[in-house]
Amino acid sequence: MDEEIRGILERLEALGTAERRARQGRFGVRDVRAFGVSVPRIKRLARELGRNHDRALRLWETGWHEARLLAVLLAEPERLTGEQLEAWAADFNAWDLVDTACGQLIDRTPLARAKLREWIDRDEEYVRRAGFVLMATLAVHDKGAPDEEFLGYLELIEAAPADGRNFVKKAVDWAVRQIGKRNPRLNAAARTTARRLAASDDATRRWIGRRSLGELESPRILERLQRKADR
């Protein structure tokens with residue numbers, strides 16, 4: 001390990017607390033080597049250090065949870081290769097790492113669409129989660145993407161085998177809800193998908209459908225989308 005990376009790890013260790021480590025465990029971030037540093041503090045450090053792809057790769061290799069979160073924030077999207085992305089995906093071991101990687105890095109690359117289609121068919125819980133999280137983060141961040149892209153994702157969601165693992169089913173629910181909050185047309189389509197899931201004989205599909213429908217049919221969301229459409 002070089003001196004620069006050792007110095008960054010020392011800074012992360014100094015920022016960590018036992019209380020934060022315990023809190024991570026309560027919120028489902030377990031079985032990771034962690035200092036116990038909050039995400040806002042990691043983001044502040046990332047802003048200080050600035051984008052640097054080589055530094056990001058070296059931080060990832062340390063195996064420390066916060067170092068990998070920092071690596072995601074420092075990596076340069078245009079330099080991320082498919083090989084590097086697959087190597088990182090093989091190391092996914094916590095939902096917050098997956099979500100940060102997808103929403104702060106991967107969905108900004110040309111690789112995102114192909115990877116989400118590959119990953120939703122993978123067996124590993126966190127890799128499969130990443131595929132559905134990419135649907136959700138693209139729905140939030142790519143304002144210019146056509147409705148047809150997200151209609152296709154709803155079809156993929158309905159066609160995907162039910163997966164009752166906690167971090168997968170929550171990602172599917174997130175994807176349906178975020179797609180349905182883009183505009184009235186996609187809201188109607190997402191609600192149709194959610195109703196079909198809610199009527200399923202499978203408990204996981206019913207759970208996803210009911211949760212998604214609860215938000216997508218709420219007056220708050222419908223009124224916001226109508227205001228947006230009327231502009």
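The closest donor-acceptor contact from the side chain of Lys228 to the backbone of Arg182 lies under 3.5 Å. Remark: the backbone N or O of Gly214 is not paired with any side-chain donor or acceptor of Ser218 at under 3.5 angstrom. Proximity of a side-chain donor or acceptor of Thr193 to a complementary backbone N or O of Ala189 within less than 3.5 Å is detected. Between the side chain of Arg206 and the main chain of Ser200, a donor-acceptor pair closer than 3.5 Å is present. Side chain of Arg117 to backbone of Leu156: no donor-acceptor contact under 3.5 angstrom is found. Asp107 contributes no side-chain N or O that, together with a main-chain N or O of Ala112, makes up a donor-acceptor pair within less than 3.5 Å. No donor-acceptor distance shorter than 3.5 angstrom exists from the side chain of Arg165 to the backbone of Glu124, with no hydrogens or angles considered. Listed for the Arg68 side chain is a donor-acceptor partner under 3.5 Å among the backbone atoms of Trp60. No donor-acceptor distance shorter than 3.5 angstrom exists from the side chain of Glu66 to the backbone of Ala34, with no hydrogens or angles considered. With hydrogens and angles ignored, the 3.5 Å screen pairs no side-chain donor or acceptor of Ser212 with any backbone N or O of Gly209.
Ile5 CD1 to Glu10 CD: the interatomic distance, rounded to the nearest 0.5 Å, is 11.5 Å. Atom CG of Leu197 and atom CZ of Arg195 lie 12.0 Å apart (nearest 0.5 Å). We find the CG-CG distance between Leu111 and Leu116 to be 11.5 Å, quoted to the nearest 0.5 Å. Separation of atoms CD1 (Ile208) and CG (Leu213) is listed at 13.0 Å; rounding is to 0.5 Å. Distance CG/Leu74 to CD1/Ile8: 7.0 Å, rounded to 0.5 Å. Rounding to the nearest 0.5 angstrom, the gap separating the CG atom in Asn187 from the CD1 atom in Ile221 is 8.0 Å.
The ring-ring contact (aromatic ring centres under 6.0 Å, His included) search around Phe92 returns none, not counting sequence neighbours. By the side chain to side chain contact (heavy atoms under 4.5 Å, CB included) test, Gln84 is found to be paired with His53, Leu57, Leu80, Thr81, residues two or more places apart in sequence or in another chain being considered. Here Glu78 pairs with Glu76 under the side chain to side chain contact (heavy atoms under 4.5 Å, CB included) rule; sequence neighbours left out. With sequence neighbours excluded, the residues forming a side chain to side chain donor-acceptor pair (under 3.5 Å) with Glu215 are Arg177, Lys181, listed by chain and number. In this structure, the side chain to side chain donor-acceptor pair (under 3.5 Å) partners of Arg113, at least two apart in sequence or on a different chain, are Asp142, Glu149.
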Quiz: residues 129-136 side-chain donor-acceptor pairs under 3.5 angstrom, not counting sequence neighbours:
from   : atom 1 : to     : atom 2 : distance (Å)
Arg129 : NE     : Asp99  : OD1    : 3.0
Arg129 : NH1    : Phe167 : O      : 2.7
Arg129 : NH2    : Asp99  : OD1    : 3.3
Arg129 : NH2    : Asp99  : OD2    : 2.9

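Within 6.0 Å of atom CZ in Arg41, 12 or fewer heavy atoms from other residues, nucleotides or ligands are found, so the atom counts as exposed in its surroundings. Under a cut-off of 6.0 angstrom, the local environment of CD in Glu83 is sparse, with at most 12 non-hydrogen atoms contributed by other residues, nucleotides or ligands. Atom CG of Asp2 sits in a crowded spot, with more than 12 heavy atoms from other residues, nucleotides or ligands closer than 6.0 Å.
Between Val98 and Trp119 there is no side-chain heavy-atom pair separated by less than 4.5 Å. Between Gln226 and Glu223, every side-chain heavy-atom pair lies at or beyond the 4.5 Å cut-off. You'll find the side chain of Lys115 reaches within 4.5 Å of the side chain of Glu86, heavy atoms only. Contact check for Asn52 versus Glu4: no side-chain heavy atoms found under the 4.5 Å cut-off. Asp54 has its side chain within reach of Arg79: a pair of non-hydrogen atoms, C-beta onward, lies under 4.5 Å apart. A heavy-atom distance below 4.5 Å is not found between the side chains of Val37 and Arg20. Using a 4.5 Å heavy-atom threshold, the side chains of Leu154 and Glu158 count as separate. Counting heavy atoms from C-beta outward, Trp95 and Asn166 have side chains that stay 4.5 Å or more apart.
Both the sub-6.0 Å distance and the 45° axial angle are satisfied by Lys169 relative to the ring of Trp207.
Across all their heavy atoms, Thr100 and Val72 have their closest contact at O-CG1, 3.5 Å. Across all their heavy atoms, Thr109 and Ile106 have their closest contact at OG1-O, 2.8 Å. The nearest pair of heavy atoms linking Leu73 to Ala46 is CB-CB, 3.7 Å. Nearest heavy-atom pair, His65 versus Ala94, reported as atom, atom and distance to 0.1 Å: CE1-CB, 3.6 Å. The shortest heavy-atom contact between Val168 and Glu125 is CG2-O, 3.5 Å. In terms of heavy-atom proximity, Ala145 sits nearest to Phe150 at CB-CE1, 3.6 Å.
There is a path of hydrophobic side-chain contacts, each under 4.5 Å, that joins Leu59 to Phe35. Hydrophobic clustering, with ILVMFWY side chains joined whenever heavy atoms are under 4.5 angstrom apart, groups Trp64 together with Leu12.
The existence of a salt bridge linking Arg185 and Glu148 is confirmed by a sub-4.0 Å separation between a basic side-chain nitrogen and an acidic carboxylate oxygen. Between Arg6 and Glu3 there is no salt bridge, since no side-chain nitrogen of the basic residue lies less than 4.0 Å from a carboxylate oxygen of the acidic one.
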Note to self: For a side chain to side chain contact (heavy atoms under 4.5 Å, CB included) check, start with the C-alpha distance between Glu61 and Arg58, then their side-chain angles and the critical distance, and finish with the verdict.
What the structure shows: CA-CA 5 Å; Glu61 289 303 313; Arg58 286 180 284 136; 5.8 Å; no

Next item on the list: Determine, step by step, whether Val172 and Asp163 satisfy the side chain to side chain contact (heavy atoms under 4.5 Å, CB included) criterion, reporting the C-alpha distance in whole Å, the side-chain angles of both residues, the deciding distance to 0.1 Å, and the verdict.
Entry: CA-CA 9 Å; Val172 178; Asp163 190 327; over 6 Å; no

